[in-house]
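Reading through the structure tokens given below for one structure.
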2 protein chains.
Amino acid sequence: MPFEDKKKSRVTLLDVARRANVSRATASLVIRKSPLVGADTRARVEEAMRELGYVYNMGAARLRAERSHTVGVIVPNLTNPFFAELLSGIEAVIDSAGMVVILANSGDLVERQDMVMRRMREHGVDGVIVCPAAGTEPAFLHQLAEWDLPLVQVLRQISEEVDYAGADYAAGMRQAVDYLASLGHRTIAFAVQGPIHSAYRERVEGFCDAMQSRGLDPNLIVRVPTQIGEIADAAHLLFGQVEQPSAVICFNDVIALGLSAGLYDRGVQVGQNFSLIGFDDVTDAEAMRPRLTSVSTAPVTIGANAARLLLDRLADPTRPARRVVNETILHIRQSCGPMAISA
Amino acid sequence: MPFEDKKKSRVTLLDVARRANVSRATASLVIRKSPLVGADTRARVEEAMRELGYVYNMGAARLRAERSHTVGVIVPNLTNPFFAELLSGIEAVIDSAGMVVILANSGDLVERQDMVMRRMREHGVDGVIVCPAAGTEPAFLHQLAEWDLPLVQVLRQISEEVDYAGADYAAGMRQAVDYLASLGHRTIAFAVQGPIHSAYRERVEGFCDAMQSRGLDPNLIVRVPTQIGEIADAAHLLFGQVEQPSAVICFNDVIALGLSAGLYDRGVQVGQNFSLIGFDDVTDAEAMRPRLTSVSTAPVTIGANAARLLLDRLADPTRPARRVVNETILHIRQSCGPMAISA
DNA sequence: AAAAGCTTTTAGATCGATCTAAATGGAAAG
DNA sequence: CTTTCCATTTAGATCGATCTAAAAGCTTTT
């Protein structure tokens, strides 16, 4: 065998084929688990691969086959534990499909999102899962369609005609309002934060609808700072109002954590004379005191759903768009109490 | 121009070259910003690229050039916000170097780590940043070296002869012990958790050394559950001891959060008659009540350091291994008080 | 005017797989 | 014994870039 390992060069499929006394084409069929190849030949090739320490070269394969086994994931903010959980769900499903995740952070900026999108195309991803940056235009999605790059929207939606995985935020808000109302609360505030996007609007609308359908005033919406350390200090905003709320629903658990601390600072007993509900039900909710009652949106599940949507679409690019909207669950703990006590 | 856009096929460099009346080779030089090409020619080619909507094909380039502009990142657990912040630091630096991150989760399992590593090789990553799974053997690193795949260890180290980015955990422990000692505490517990790895050992050893050098007993080490919800219930472990501790240092902030809740449940006033110090200084530390005094390890910075180490190594594979060990900072807030009050 | 020395451009081979279309070999059918 | 059919196997073109070594244009020197 003159051509064994000349120098330091990579072991190629041709090397394997030679060693197994078959053609390059046959060796290729073995790798791809084609049923065409005979059992003994297959064994011989696999043996050769093992002996030579062969490593498949995706790059070369992709060039010819037009599939990269690669999925782009674009999130607006990695630092937020919520997105980390989402990512974890995506990664698990993509990985078990034998593909890999190429990760990018848009910083919730459309320009960066465009840049990152371009880079994904350059790397030839088979599809992308995107949580669209606030302010993303529908044109963005049309562009992608024109490039025929399969896309799944996650958590936020720009268009109804494109696959989407998220949670039923409006229903979650209704659950929160219903629960507080059942405890006798009539004046309920809503603490919001951050950039405006579909998930933001769904929550606000969900809150307003739920309040109005019970004949309650839905206008007690207060914006709190983005910086986590400053949220506590914003608790006073709850008390400058014309009508004094006895409860507050938070846009997410980060706000809930901050306001809980701020209320504590003011000597308000959360769960006793003031009620507080979070949104997302992150793991910390269980570790807080009082334990946080929160609407669970199960980010890991949403991520897994998004990944499955993309895999399905890759399998059949012509299938109609689907929307997988996860049910939310109100996780009741200790941060709410009956209105009677608040009086 | 007969060959414009035949069907739906991708615009190739050859198309661009034809449109600009140059050769494929010249067009290639333009893309790679070679100084060899004349200014007018460059302009013409760039114009053609724009007109045709050309997208660079990394896959093809990589095949020939043996560089994929791709970096593998392997973390043991995406769900942990600490790793999410780390990832964020890595991504930012890798991105600004014009490369992309391929992400994988080892689940802190060596077998999965091997699998994932193989996949990274198949995708032809230029290098990897790994937080090694607990129980990773030095052989793993030698293997990588043999494959000459550049690697940077992050947060945990298996070998001293390979690039490493982390924090000075031992010094951080000393800061915590020193601070508590300065407040008069003599009996200090250490609450630990999770799999055993270098970062674990460094913290434990740092704690023991710091205690011993002050003549204090370093044997009050208690293991708490991994599940965040169960940590609070484990607070009783602090009180079953022969000698009653007046303070506890936590392996990380998750434990601190849990124990803080557990102590609250038992009516212990953290910061008044019991002191508690966290480790990592995650953003939540500021939002807790009492605000958590914690040793900051700055995961985003560590991630950025790791990414820079890898970029440097890619630039010069022969350079000697470096270790970038970040200083920790004790962030004093409210969760500790003087021993006098505890009495 | 020829030679030498630049700068700029290019043809053609190459990377390592996949794909197409055809060849091969053996068993079954005529 | 030839023909047909099926299961395997294969040669050679191909994907879209980069690389090498040489050619083509210029200017400057002799």
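For clarity, every value in this text was computed on a predicted model and none was experimentally measured.
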Rounded distance in Å - [atom1] ([X]) to [atom2] ([N]):
X	N	atom1	atom2	value
B:Arg32	D:dA17	CZ	P	11 Å
B:Arg121	C:dA17	CZ	P	13 Å
A:Leu63	D:dT18	CG	P	12 Å
B:Met49	D:dG16	CE	P	16 Å
A:His123	D:dA17	NE2	P	14 Å
A:Leu52	C:dG16	CG	P	14 Å
B:Leu14	D:dA17	CG	P	9 Å
A:Glu66	C:dT18	CD	P	13 Å

To the nearest 0.5 Å, how far apart are CZ in B:Arg44 and CE in B:Met49?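 So the gap between those two atoms works out to 14.0 Å.
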In Å, rounded to the nearest 0.5 Å, how long is the span from OH of B:Tyr164 to CZ of B:Arg156?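 So the gap between those two atoms works out to 10.5 Å.
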Applying side chain to side chain donor-acceptor pair (under 3.5 Å) between B:Thr136 and each of B:Gln153, B:His197, B:Gln113, report the one that passes.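 Single side chain to side chain donor-acceptor pair (under 3.5 Å) partner of B:Thr136 among B:Gln153, B:His197, B:Gln113: B:Gln113.
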Restricting to side-chain hydrogen bond (donor to acceptor under 3.5 Å, both in side chains), what partner residues turn up for B:Glu47, sequence neighbours left out?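 side-chain hydrogen bond (donor to acceptor under 3.5 Å, both in side chains) check on B:Glu47 returns B:Arg50.
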Return yes if a side-chain donor-acceptor contact under 3.5 Å exists between B:Asp126 and B:Ser68, otherwise no.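 Result is yes, a qualifying pair exists.
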Just checking, is any N or O donor in the side chain of B:Ser28 or B:Arg32 under 3.5 Å from an acceptor N or O on the other one?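 B:Ser28 vs B:Arg32: donor-acceptor pair found between side chains.
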Would you check, one step at a time, whether the test salt bridge (charged side-chain N to carboxylate O under 4.0 Å, His left out) holds for B:Arg10 with B:Asp15? CA-CA 10 Å; B:Arg10 188 191 256 272; B:Asp15 300 331; over 6 Å; no
Would you say [X] places a side-chain N or O within less than 4.0 Å of OP1 or OP2 belonging to [N]?
X	N	answer
A:Arg64	C:dG16	no
A:Arg62	C:dG16	no
A:Thr12	C:dA17	yes

At a cut-off of 3.5 Å, list every protein nitrogen or oxygen paired with a nitrogen or oxygen from nucleotides 6-11 of chain D, distance to 0.1 Å.
{"residue": "D:dT9", "atom": "OP1", "partner": "A:Thr41", "partner atom": "OG1", "Å": "2.5"}
{"residue": "D:dT9", "atom": "OP2", "partner": "A:Gly38", "partner atom": "N", "Å": "3.0"}
{"residue": "D:dT10", "atom": "OP2", "partner": "A:Ser23", "partner atom": "N", "Å": "2.8"}
{"residue": "D:dT10", "atom": "OP2", "partner": "A:Ser23", "partner atom": "OG", "Å": "3.2"}
{"residue": "D:dT10", "atom": "OP2", "partner": "A:Thr26", "partner atom": "OG1", "Å": "2.6"}
{"residue": "D:dT10", "atom": "O5'", "partner": "A:Ser23", "partner atom": "OG", "Å": "3.4"}

